[in-house]
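Just below is one structure, and these are the notes that go with it.
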Amino acid sequence: MSLVNEVSTLSYRPDLPMIVQSDRTILLETQHPSYMEARQALHGFAELIKSPEYMHTYRITPLSLWNAAAGGMTHDQVLDTLSSYSKYGVPPTIVGEIAETMGRYGRIRLEKSGEDLVLTSRDPLILTELTSYKSIQQLLERPHENGYVIKNYARGLIKQELARLGNPVQDMAGYTEGEPCPVRLRETTTAGRPFALRPYQMEAVDAFYSGGSATGGSGVLVLPCGAGKTVIGLGALCQLQTATLILTTNTTSVRQWIAELMDKTDLDPSMIGEYTGDRKEVKPVTVATYQILTHRPSSEDEFPHMKLFSERDWGLIIYDEVHLLPAPVFRVTSGIQATRRLGLTATLVREDGREEDVFTLIGPKKYEVPWKAMEEQGWIAEAHCREIRLPFEPKWREAYARATARQKFRIAAENPRKLEVVRYLLERHPQDQVLIIGQYVDQLDQMAEALQLPLITGKVPESERQQLYEQFKQGKIKRLIVSKVANFAVDLPDANVAIQISGTFGSRQEEAQRLGRILRPKAEENKAHFYTLVTRDTREQEFSLHRQLFLVEQGYPYDIIEMETLV
DNA sequence: TAGACAGGAA
DNA sequence: TGAAATCCTGTCTA
């Protein structure tokens, strides 16, 4: 470390792409020849927070460092990466902070001692310091030769509280095995096609399980859309052979999990249960929605369906789309820390900032497949992202200027000139399957009317949706306009071009999901196009930048095109 | 007993 | 920052 220190203060290397600042942010030049390489290296322990055209800003946070540490990265590796790309070396204060922060991961542990759960540390002083907090004290039962025995219900609470105090706990107390459930992956699907986990899917399952019952067995796997999250869940289930509760976002997804369980495992259908508004089955493998868990007759009542967590001796709980996990489910999860937990997601970021709860209550990031790596291996299509900026007509510019902050975003989003650009793009892609995606139903209505194209919103009955999906899938329809239904519909057919005419305020995961819609590998030319239409110099442009962060972090550059250069 | 629909929730 | 979609439950109809 002292070596890094010396080098960093002595040298100036103008040929390198990065500046590490003492506020733990990093500036990265995007035009630099080693930009891609540096981006990839940074991705392991820093978070992208701004991505204007020439200079990206990353930030190193405690959470990003702990996730890196949980993945086996050392602070020397982090510092090596930083110093090997940094023009001015690494400020000495940062060197110290990174070592200190990463050192905190694993410094405090929970261990099992007979029936007791013991909070312990190699460093008795730190234990004394932390247990002097009232909030911690009230969770302790009594002293122990290695530390403190905690109250039996406090396993989750104490981890949350200590993480809040900046000290993540490494939970080594192990898990209950759960009710056994013999199950294996099949080698051929019901349709007779050979089936096996792809290499990265196997690695993901191993990463989740590795370390056995103490360290392994809880955590989050981060996989792009189309990477086969469900299949990886099945892999974990077959690895553990235990009663499993699978939680997901909506009923379509519940049915899809069940279909996959039937198709790709040797479980008898009588062993698989659906727990939704329609049915309340509790079987060795049960699939439920988050919504039924959080439903309550009135806001003063208890959550009657939360008892599902204790209705069977679950050995594994799978949280699908863990970035959407609702707050009450976090609370219950805090109380069931002895059960193995697997989180699946395409984006670890939550727009509500509860990443820390995911880290402490579900577990650290265990494995991540970068989108670009999937693209290189041909598992997903190669995508081109373009932002097209267009002007207002004077009349609209005026309305925008007069509008309140609230209305501004919507006025910019509904800029009628977007229609011209959509027309132009449709002409450019005569043979492609195109999805036009938007946020406001009024705007979509007008667009559908003007272009004479079919439109799907939440109002369209399920049967009609299925029909349109089917025609689109067969190529009988080549264009489809969709509202936010596109975010939820698992059964939305694949396209190879998406035109986003408006999006929500700045949701990174929505952007990722929409790009995911067009990333299924294509038979002929394995290429996909993602266009996003934005009114120039408005709030819409700001929010668009925020939405793009996640994809830029994954290595998708956005080409900026001015509308005037198109027509 | 199933399906349609309204109303509330997050 | 706001709009839209979804889900769950209860009630009504056939």
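By convention in this document, chain letters (A, B, ...) are assigned in the order of the sequence lines, proteins followed by strands, and residues within each chain are numbered from 1. Computation of the quantities below employed the complete heavy-atom set of this structure, encompassing side-chain atoms and omitting hydrogens, waters and symmetry-equivalent molecules.
- In terms of position along DNA chain C, the nucleotide closest to A:Arg410 lies nearer the 5' end than the nucleotide closest to the other residue of the pair A:Thr251 and A:Arg410.
- In terms of phosphate contacts, A:Arg465 brings a side-chain nitrogen or oxygen within less than 4.0 Å of OP1 or OP2 of C:dT6.
- Qualifying side-chain contact (heavy atoms from CB on, under 4.5 Å) partners for A:Ala512, counting only residues two or more places apart in sequence or in other chains: A:Thr347, A:Trp371, A:Phe550, A:Leu551.
- Looking only at distances, no side-chain donor or acceptor of A:Asn67 sits under 3.5 Å from a matching main-chain atom of A:Pro364.
- By the 6.0 Å contact criterion, CZ on A:Arg59 is open, its count of non-hydrogen atoms from other residues, nucleotides or ligands being 12 or less.
- Of all nucleotides listed (C:dA5, C:dT9, C:dA4), C:dA4 comes nearest to the side chain of A:Tyr440.
- Residue A:Lys280 places at least one side-chain N or O closer than 4.0 Å to OP1 or OP2 of C:dT9.
- Looking only at distances, no side-chain donor or acceptor of A:Thr286 sits under 3.5 Å from a matching main-chain atom of A:Val282.
- For C:dC7, neither phosphate oxygen OP1 nor OP2 lies less than 4.0 angstrom from any side-chain nitrogen or oxygen of A:Thr289.
- Taking the six-membered ring for Trp and thresholds of 30 and 60 degrees, A:His56 and A:Tyr58 have ring planes inclined between 30 and 60 degrees apart.
- Side-chain N/O atoms of A:Thr504 include none lying less than 4.0 angstrom from OP1 or OP2 on C:dA4.
- A:Arg539 comes within contact range of at least one nucleobase, with a heavy-atom separation under 4.0 Å.
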Please test A:Arg255 against A:Glu274 for salt bridge (Lys or Arg N to Asp or Glu O under 4.0 Å), starting from the C-alpha separation and ending with a verdict. CA-CA 8 Å; A:Arg255 312 257 152 85; A:Glu274 171 182 328; 2.8 Å; yes
When every nucleotide of nucleotides 2-10 of chain B is labelled 5' to 3' by its protein contacts under 4.0 Å (heavy atoms), B for base, S for sugar-phosphate only, - for none, what sequence of letters results? --------S
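- Listed pair A:Arg406 / C:dG2 meets the phosphate criterion, a side-chain N or O lying under 4.0 Å from OP1 or OP2.
- A:Phe505 comes within contact range of at least one nucleobase, with a heavy-atom separation under 4.0 Å.
- When the side-chain nitrogen and oxygen atoms of A:His546 are compared with OP1 and OP2 of C:dT1, none of them lie within a distance under 4.0 Å.
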